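See below for the structure under consideration.
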There are 2 protein chains.
Amino acid sequence: MHEDEEVSGRVTLAAVAKEAGVSMPTVSKVLNGRTDVSRATRAKVEHLLEVHGYRRRAQAGSRSPLIELVFHELESVWAMELIRGVENVARENRATVALTESGTRHTPGPDWLPGVLQRRPMGVVLVFSTLREDVKRRLRAAAIPFVIVDPAGDPDPDVPSVGSANWAGGLAATRHLTDLGHRRIAIVTGPEDMLCSLARLDGYRSAMSMAGLECDPRLTRFGDFHVQGGYEHAMSLLDGPDRPTAIFAGSDLQALGVLEAARVKGLRVPEDLSVVGYDDVPLAQWSSPPLTTVHQPLRTMAEEAARMLVRPDDPGTGAQRIELATHLVIRQSTAPPRQS
Amino acid sequence: MHEDEEVSGRVTLAAVAKEAGVSMPTVSKVLNGRTDVSRATRAKVEHLLEVHGYRRRAQAGSRSPLIELVFHELESVWAMELIRGVENVARENRATVALTESGTRHTPGPDWLPGVLQRRPMGVVLVFSTLREDVKRRLRAAAIPFVIVDPAGDPDPDVPSVGSANWAGGLAATRHLTDLGHRRIAIVTGPEDMLCSLARLDGYRSAMSMAGLECDPRLTRFGDFHVQGGYEHAMSLLDGPDRPTAIFAGSDLQALGVLEAARVKGLRVPEDLSVVGYDDVPLAQWSSPPLTTVHQPLRTMAEEAARMLVRPDDPGTGAQRIELATHLVIRQSTAPPRQS
């Protein structure tokens, strides 16, 4: 069976070489991501490989003991948790993590793909990425499995991915506040164009509705997931007489901004204002007071993603989606509202 | 000249093979960190390579575009800054960062050295490490340059390293407090067995002395550089009538613990208590209030270390020590003491 596959693979490569009018070694160079092939030749060969449905047979022995981890940008409190998760699985498999920053549209990094194709890693964990079609094609042709860790909740239907339960997280955060007796509860969720922001907001709305509370549209804000955004929205929310008694801050960084706004306004947390974060990154337990927050299992998400790559069965065949549970961690930034 | 070196290298390898009673390919396997060599043979060959003073000629072309970054453990707010610095230099050189956690005495990780020898990276950045003699020997024999990023201020005299000015940092933190008019100033420095803790403490003592102030030994504490240690020492320091009006917390994490202790004690920062951190990791600007702290240029330290590896001239010849400057960043956790 394996021999048959190998023979059929060689037949395909020969056919591709012939149709492209190049030698077999050139086809092999394209497959291995070598740079000494012209762009035009590469494109022609890749197109034909796809037409012929060529997939290199995954051979565990031919792989480097590397797990690639590709970030858009490392400037995030999430990054360390994700690195930690991939590193855990790498260590279990006596492998090393190769870390690349791919850059964003605004700050493009180097093209990471040729390096990955040359190193022939066990697989690639991509953080938060939409992959170009040609990138998926080249990884598949090289039989390098890949998976997306997707905290934004916006999975590419075509690629295996690991996310977490954003709607349930938003619901749990808000129910905790309604259970404590809060009625004027504000939310600063993330950017309007991220599905995780919308899912958390919908969870908030459902919890408000379950508690028989109206959602005051003035108490719904879209932030940027950063400290400054949380600070500015909280300064405006806490201005005026009819201020909320609790803010669900949508991320731990936004919650830190809310804490600072409360301090500047002379409000004590949790006596005068309850605050709930989201993510449960390490700094959530170090803030003053320690944050009640929704635990998003970033490290476990990265572990799951890395495990999908190193499992003996081929994970690249189906576009599997794993969604891990979130849960509320109650610390000291929430309390019942004061009687007014 | 280069040819001569190469010839003399080959002669040495032949002599080593003969003396060890093994073949040239076996010597070559040892040099390349291959695992299919018995432990006894490896030890014998390595010993003879050292006796003969063999050093593989560094050949830029034969290196993988990888910079290895080896941590004892990734559980540190420093880790991300250091990764960021190495990643910056990797990107400039179209290279990738390979990340390994070597483990501590308490939690040993896999032996990272064979992987490094096999991958033949441009070089190795080690965080915070004392290197065993045989590890140095094997890296040198393989002509893989290495450098230590050493925030603890305890350099191996035999290895190039990058540190920062801990004494000057302790002095600057304390002078800021004496300049504000504080007289009862406590210090929670790091563990007693780390030179950086002692250097920061000596900087504190010199600043106190320069301001004509006595150091009250009850106000000098050795912490653990973590939040909990800062919290516990601050709870004890703030207990009683003759409490300090300012605490130099020795690290940002310890400073967060001090902030939490102040909150629990009902003391406002900076009105009732001034707090100075150390490190200036990102969370220092996100605390409430934002921390006045000593900036330890962790990212730049890692960049410098990585640059020592990729520079065209051989950095492995001298045991160079670079010490980068620290500077005080004044934010909102410090103010003059209240008139009592």
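So that the names make sense, note that chain A is the first sequence line, chain B the second, and so on, each numbered from 1. Everything quoted here is computed from the prediction, not taken from an experiment.
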Short question: side chain of A/Asn93, backbone of A/Ala95 - any donor-acceptor pair under 3.5 Å? no
Main-chain N/O of B/Gly250 paired with B/Thr189 side-chain donor or acceptor, under 3.5 Å: no
Output all residues satisfying side chain to side chain donor-acceptor pair (under 3.5 Å) with A/Glu260, sequence neighbours left out; order by chain, then residue number. A/Arg263, B/Ser288
Winner by heavy-atom pair count (cut-off under 4.5 Å) against chain B, out of A/Gln332, A/Gln228, A/Glu87, A/Glu68: A/Glu87
With a 4.5 angstrom heavy-atom cut-off, which part of B/Val281 approaches chain A: side chain, backbone, both or neither? neither
Quick one: ring-ring contact (aromatic ring centres under 6.0 Å, His included) partners of B/Trp286, sequence neighbours excluded? none
Examine whether an atom of A/Leu69 lies under 4.5 Å from a heavy atom of chain B, and if so say whether it belongs to the side chain, the backbone or both; otherwise answer neither. neither
Using a cut-off of under 4.5 Å on heavy-atom pairs, state which of B/Val264, B/Val227, B/Leu253, B/Leu99 scores highest against chain A. B/Leu99
Name the member of B/Met80, B/Gln285, B/Gln118 that forms the most heavy-atom pairs with chain A at distances under 4.5 Å. B/Met80
Distance alone, cut at 3.5 Å: any donor-acceptor contact between the side chains of A/Thr96 and B/Arg119? yes
